[in-house]
Protein chains: 2
Amino acid sequence: MSIDVGGHLKAVRMMYGLSQRELAKRAGVTNGTISLIEQNRVSPSVSSLKKVLDGVPMSLADFFTLDLQETPQVFYAREELADIGDRDVSLRLVAAKRTNRAMTIMHERYRPKADTGADMLSHKGEEGGIILTGHIELTVGGQSRVLGPGDAYYFASAVPHRFRNVGEEPCEIVSASTPPTF
Amino acid sequence: MSIDVGGHLKAVRMMYGLSQRELAKRAGVTNGTISLIEQNRVSPSVSSLKKVLDGVPMSLADFFTLDLQETPQVFYAREELADIGDRDVSLRLVAAKRTNRAMTIMHERYRPKADTGADMLSHKGEEGGIILTGHIELTVGGQSRVLGPGDAYYFASAVPHRFRNVGEEPCEIVSASTPPTF
DNA sequence: GAAAATTGTCTATTATCCTAAACACTTCCC
DNA sequence: GGGAAGTGTTTAGGATAATAGACAATTTTC
């Protein structure tokens with residue numbers, strides 16, 4: 001239910017190899033403060049927690065976003081990438097089975113004339129990618145552009161967007177989006 | 001410098017069309033508390049801020065991650081990708097100038113024998129990628145594996161890791177990491 | 001229009017957090 | 001062994017935040 005701020009702080013401090021006193025000095029608080037927080041015997045004010053994190057340094061956003069668990073599978077052979085595409089658009093997904101991941105990384109392949117259609121579904125988050133081969137027309141909000149090999153894009157997923165292969169050859173893209181959409 | 005917690009809370013409350021008293025009732029705190037917080041006359045404890053946000057409801061992570069601005073550049077020509085690598089490792093970065101982005105997407109190029117060294121710096125977050133050409137030996141924690149074209153990886157950045165081009169040809173990777181490291 | 005309800009703000013008291021200093025414990029070093 | 005320097009923990013007192021309730025201003029209701 002409630003967040004284990006203390007354990008969280010301790011984990012962060014450990015990650016950076018700092019002692020309570022060392023961190024306290026950098027943050028401009030007393031070591032006792034850090035001890036009490038780490039034991040969850042007090043709930044720090046936002047301002048003091050910020051002071052402490054400034055000593056790391058780490059933002060409040062990162063602190064609360066951070067989650068600490070063990071890493072499951074790390075390596076994925078080509079054959080293990082989940083293929084969730086259809087006939088025109090092939091999507092090969094990294095770490096598909098994994099839950100609680102922060103991103104979706106995909107190898108996308110668009111056949112000539114393939115078109116995602118106007119995506120009015122505005123999911124929140126951000127996505128970006130790099131074009132490997134071929135040409136794709138990307139429309140984001142009002143803007144439109146044809147991108148080729150080496151070109152890239154990055155936008156907030158909330159804005160309606162559309163991919164269309166306008167070339168004669170297949171178009172390949174490696175993309176990433178956060179939070180994961182698959 | 002310091003985060004405008006009060007203004008932030010007010011914006012969130014407004015977004016949901018709640019009055020101070022209404023939110024206070026849902027959150028189980030007094031309206032005065034919310035008034036004082038919104039004026040930044042106090043810095044709430046994490047526990048009380050959490051109580052307040054539970055009334056919305058919104059997570060602490062979302063609260064601190066939330067930011068209210070417009071999307072800048074979307075398209076990036078090949079030439080616009082920031083190149084921040086050295087002689088052995090070339091890193092072409094998407095959306096480098098952009099601040100407050102959620103991810104870093106990169107086109108990485110490792111020369112033969114290129115080696116990042118044992119990365120003991122444990123930055124938090126997650127990263128993953130897909131190998132385009134060549135072969136790379138990736139070591140994550142205790143595990144090690146040679147990956148080739150089409151293979152992929154995904155792991156928590158906190159775990160010490162190392163990339164080493166063990167082949168005779170250059171190795172190309174498109175990777176993404178969150179939160180952004182550059 | 002006036003009463004009633006709803007808004008955000010303010011103040012005195014209570015509850016909580018933060019500090020400073022001491023405590024107990026381990027590790028290192030001669 | 002015995003300091004000396006490191007670690008995390010604890011406690012009394014001063015600083016800060018949360019509460020309950022009153023206040024003034026606006027909106028609603030009839």
Side-chain angles (χ1 to χ4, degrees), chain A residues 1-66 68, chain B residues 1-66 68 120-122 124 158 160:
Chain A
M1 196 64 233
S2 62
I3 294 181
D4 177 18
V5 173
H8 235 100
L9 177 58
K10 183 166 188 172
V12 168
R13 180 172 63 79
M14 294 307 213
M15 258 180 176
Y16 284 81
L18 301 172
S19 69
Q20 290 184 346
R21 281 183 164 79
E22 175 64 25
L23 176 54
K25 207 177 71 184
R26 297 192 189 187
V29 300
T30 60
N31 58 309
T33 300
I34 295 187
S35 176
L36 294 173
I37 293 174
E38 288 191 352
Q39 297 170 79
N40 284 322
R41 288 180 42 182
V42 301
S43 175
S45 70
V46 169
S47 61
S48 70
L49 178 58
K50 177 169 190 335
K51 274 211 308 202
V52 170
L53 291 177
D54 283 345
V56 172
M58 172 178 284
S59 74
L60 286 163
D62 286 348
F63 180 78
F64 286 107
T65 305
L66 182 63
L68 326 150
Chain B
M1 190 67 225
S2 63
I3 294 181
D4 177 18
V5 173
H8 233 103
L9 176 58
K10 184 165 188 173
V12 169
R13 179 171 63 80
M14 294 307 212
M15 257 180 176
Y16 284 81
L18 301 172
S19 70
Q20 289 184 346
R21 279 182 163 80
E22 175 64 25
L23 176 54
K25 207 177 71 183
R26 297 191 189 187
V29 301
T30 60
N31 58 310
T33 299
I34 295 188
S35 175
L36 294 175
I37 293 174
E38 288 191 351
Q39 298 170 79
N40 284 322
R41 289 179 42 179
V42 300
S43 175
S45 70
V46 170
S47 61
S48 69
L49 178 58
K50 177 169 187 342
K51 274 209 311 201
V52 170
L53 291 177
D54 282 346
V56 172
M58 172 177 284
S59 74
L60 285 163
D62 286 348
F63 180 77
F64 285 108
T65 305
L66 184 62
L68 328 149
M120 281 322 185
L121 264 178
S122 49
K124 75 211 150 354

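So you know, we letter chains A, B, ... as the sequences are listed, proteins then strands, and number each from 1.
- Distance CD1 (A:Ile34) to C1' (D:dT7): 13 Å, rounded to an integer number of Å.
- Summarising the geometry of B:Gln20 relative to B:Asn31, their closest heavy-atom pair is OE1-O, 4.2 Å, with the distance given to 0.1 Å.
- In this structure, the CG atom of B:Asn40 is 12 Å from the P atom of D:dA18, given to the nearest Å.
- Looking at heavy atoms from C-beta onward, B:Leu49 lies in side-chain contact with B:Phe63 at the 4.5 angstrom threshold.
- Across all their heavy atoms, B:Ser43 and A:Ser45 have their closest contact at O-CB, 3.3 Å.
- Looking at B:Asn40, its side chain does come within 3.5 Å of a backbone N or O of B:Gly6 through a donor-acceptor pair.
- Judged by distance alone, the side chain of B:Arg13 and the main-chain N or O of B:Leu18 form a donor-acceptor pair under 3.5 Å.
- Taking atom CG on B:Leu49 and atom P on D:dA17, their separation rounds to 13 Å, with Å as the unit.
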Query - Under 4.0 Å protein heavy-atom contacts per nucleotide of nucleotides 4-17 of chain C, with B for base, S for backbone only and - for none - result: ---BBBB------S

